[in-house]
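Report on one structure; see the data block that follows.
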Amino acid sequence: MVSNSKISGYSTTLLSGKLALVTGAGKGIGRTCAEALVKTGASVIAVARTEADLLELAGDLGDKLIPWVEDVTSDAFLSRLEARKDIDILINNVGSNQPEPFIEIERSTYDRIVDMNLGSVFRATQVVVRNLLQADKAGSIVNISSQMGHVGSPKRTLYCATKHAIEGFTKALAVELAQSNIRINSVAPTFVETALTKPMLENPEFANFVMSKIPMNKLASTDDVAAAVIYLASELSSMVTGTSVLVDGGWVAH
């Protein structure tokens with residue numbers, strides 16, 4: 001069901017003629033971003049590993065939604081991505097987290113989280129940027145980061161490390177590509193109401209900790225994040241690059 005109330009005031013032709021690719025588009029933030037991009041006029045390649053999620057999304061959004069059942073860490077995905085020379089907007093949304101004490105983190109967990117959260121973003125961005133430069137074409141890349149890319153938090157050393165890396169990657173690449181009219185920005189949400197966060201937030205102690213850190217005293221919604229993505233993906237932010245839009249209710253300012 002397409003809602004996106006936060007972007008209802010945006011023009012339905014804001015991104016008309018643009019092709020966007022969204023990773024992790026089957027659920028949560030990625031799904032809402034795909035919906036918002038279509039609602040503002042773009043065609044969207046939605047990438048996820050679960051075919052059923054993409055088929056449901058395609059049923060909601062029609063022929064402007066192009067489903068790709070792919071693992072973004074795979075060579076197969078990169079080959080398919082390289083063949084698409086027409087992508088204008090890349091939303092690097094896919095990511096993972098496994099909260100645990102630092103001394104208990106296994107090498108296999110480290111490899112998996114770093115490859116998903118940083119490696120997949122680096123590789124996909126490199127392919128899209130190479131295509132944009134070869135075509136001498138403007139573009140916008142939005143990395144879904146986290147407030148944890150700006151602060152630290154217990155049991156999140158690995159997640160924070162990858163998200164701080166995404167923020168540094170965003171800034172460095174933005175400077176490198178600024179004169180090519182390819183803009184690179186990030187969106188850094190606080191905890192968002194999704195199926196992934198629901199079990200964590202059902203723990204009263206953890207829920208109280210989270211709310212104590214958010215001056216606005218509420219969680220973000222996926223619509224809140226998608227609204228920031230639309231802003232950065234579009235010409236509304238034509239003079240914005242190398243920045244992070246914090247959708248955090250004041251956590252980082254607190």
Side-chain angles (χ1 to χ4, degrees), residues 1-12 14-16 18-70 72 87-97 116-117 120-121 124 140-148 163 166 185-201 214 216 218-234 236-237 244-249:
M1 182 83 152
V2 180
S3 58
N4 301 118
S5 58
K6 301 287 182 182
I7 58 134
S8 59
Y10 286 1
S11 166
T12 56
L14 181 63
L15 294 170
S16 181
K18 301 295 186 181
L19 176 64
L21 185 142
V22 182
T23 65
K27 294 182 174 69
I29 291 171
R31 181 187 179 99
T32 304
C33 286
E35 293 172 345
L37 287 159
V38 168
K39 190 169 183 178
T40 49
S43 295
V44 176
I45 298 172
V47 185
R49 289 180 294 186
T50 305
E51 183 177 24
D53 290 339
L54 293 179
L55 291 176
E56 181 184 359
L57 188 58
D60 286 343
L61 299 178
D63 59 8
K64 291 182 77 68
L65 195 286
I66 305 161
W68 281 14
V69 182
E70 295 285 356
V72 299
I87 292 171
D88 304 285
I89 299 163
L90 172 63
I91 312 300
N92 285 309
N93 166 70
V94 74
S96 185
N97 187 19
M116 176 71 75
N117 291 6
S120 70
V121 172
S140 177
I141 295 169
V142 182
N143 299 319
I144 304 301
S145 176
S146 169
Q147 67 189 12
M148 296 300 174
K163 294 302 183 179
I166 287 296
N185 293 287
S186 70
V187 173
T190 187
F191 287 88
V192 179
E193 295 177 290
T194 67
L196 184 67
T197 60
K198 185 178 178 182
M200 292 186 287
L201 292 163
I214 305 175
M216 291 185 75
K218 61 180 180 179
L219 301 177
S221 70
T222 57
D223 279 359
D224 292 323
V225 182
V229 167
I230 294 300
Y231 167 69
L232 292 173
S234 73
L236 292 172
S237 60
S244 181
V245 175
L246 284 151
V247 184
D248 70 340

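For reference, positions follow the sequence shown, starting with 1.
- Annotation: side chain of Val47 is not in contact with side chain of Val94 (no heavy-atom distance under 4.5 Å).
- Using a 4.5 Å cut-off on side-chain heavy atoms (C-beta onward), Val192 and Thr197 make no contact.
- Proximity of Ile144 to Ile91: side-chain heavy atoms (C-beta onward) are separated by under 4.5 Å at one or more points.
- Heavy-atom minimum distance, Pro189 versus Ile29: CG-CD1, 4.4 Å.
- When atom types are taken as modelled, the side chain of Lys64 and the backbone of Gly41 share a donor-acceptor pair closer than 3.5 angstrom.
- Taking CG of Leu21 as the start and CD1 of Ile45 as the end, the distance is 5.0 Å to the nearest 0.5 Å.
- Put simply, CG on Asp248 and CE on Met148 are 10.0 Å apart, with the number rounded to the nearest 0.5 Å.
- Defined by atom type and a distance below 3.5 Å, a donor-acceptor pair is missing between the side-chain atoms of Ser145 and Ser186.
- A donor-acceptor pair is defined here as one N or O able to donate and one able to accept, closer than 3.5 Å; no such pair exists between the side chain of Ser16 and the backbone of Thr12.
- A side-chain donor-acceptor contact under 3.5 Å links Ser237 to the backbone of Tyr231.
- Here CG of Leu232 is found 12.5 Å from CD1 of Ile141. Values are rounded to the nearest 0.5 Å.
- No side-chain donor-acceptor contact under 3.5 Å links Thr23 to the backbone of Asn92.
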* Asked: Can Val38 and Asp60 be said to form a side-chain contact (heavy atoms from CB on, under 4.5 Å), step by step?
  -> CA-CA 11 Å; Val38 168; Asp60 286 343; over 6 Å; no
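- To the nearest 0.5 Å, atom CD1 of residue Ile66 and atom CG of residue Leu57 are 12.0 Å apart.
- Val22 is not listed as a side-chain neighbour of Val229, based on a closest heavy-atom distance of 4.5 Å or more.
- Contact check on Lys218 versus Asp224 returns no salt bridge, with no Lys/Arg side-chain nitrogen under 4.0 Å from an Asp/Glu carboxylate oxygen.
- Remark: the backbone N or O of Val44 is not paired with any side-chain donor or acceptor of Lys18 at under 3.5 angstrom.
- Note: Arg31 CZ to Thr222 OG1 = 10.0 Å, rounded to the nearest 0.5 Å.
- The backbone N or O of Ala52 lies less than 3.5 Å from no partner atom in the side chain of Thr50, so there is not a single donor-acceptor pair.
- Across all their heavy atoms, Ala36 and Thr40 have their closest contact at O-OG1, 2.9 Å.
- When all heavy atoms are compared, the tightest approach of Ala228 to Val245 is CB-CG1, 4.1 Å.
- Across all non-hydrogen atoms, the minimal contact from Gly26 to Ala48 is N-CB, 3.7 Å.
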* **Criterion salt bridge (Lys or Arg N to Asp or Glu O under 4.0 Å) on Lys27 and Asp53, from CA distance to verdict** => CA-CA 7 Å; Lys27 294 182 174 69; Asp53 290 339; 2.4 Å; yes
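- Here NZ of Lys39 is found 13.5 Å from CG of Leu15. Values are rounded to the nearest 0.5 Å.
- Minimum heavy-atom separation, Thr32 to Ala226: CG2-CB, 3.8 Å.
- In plain terms, the two heavy atoms of Ala233 and Leu37 that are nearest each other are CB-CD2, 4.5 Å.
- Around CE of Met216, the count of heavy atoms belonging to other residues, nucleotides or ligands within 6.0 Å does not exceed 12.
- Asp88 places a side-chain N or O within donor-acceptor distance of the main-chain N or O of Leu19, the cut-off being under 3.5 Å.
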* Quick one: do Val69 and Leu54 satisfy side-chain contact (heavy atoms from CB on, under 4.5 Å)? Show the steps, please. => CA-CA 8 Å; Val69 182; Leu54 293 179; 3.9 Å; yes
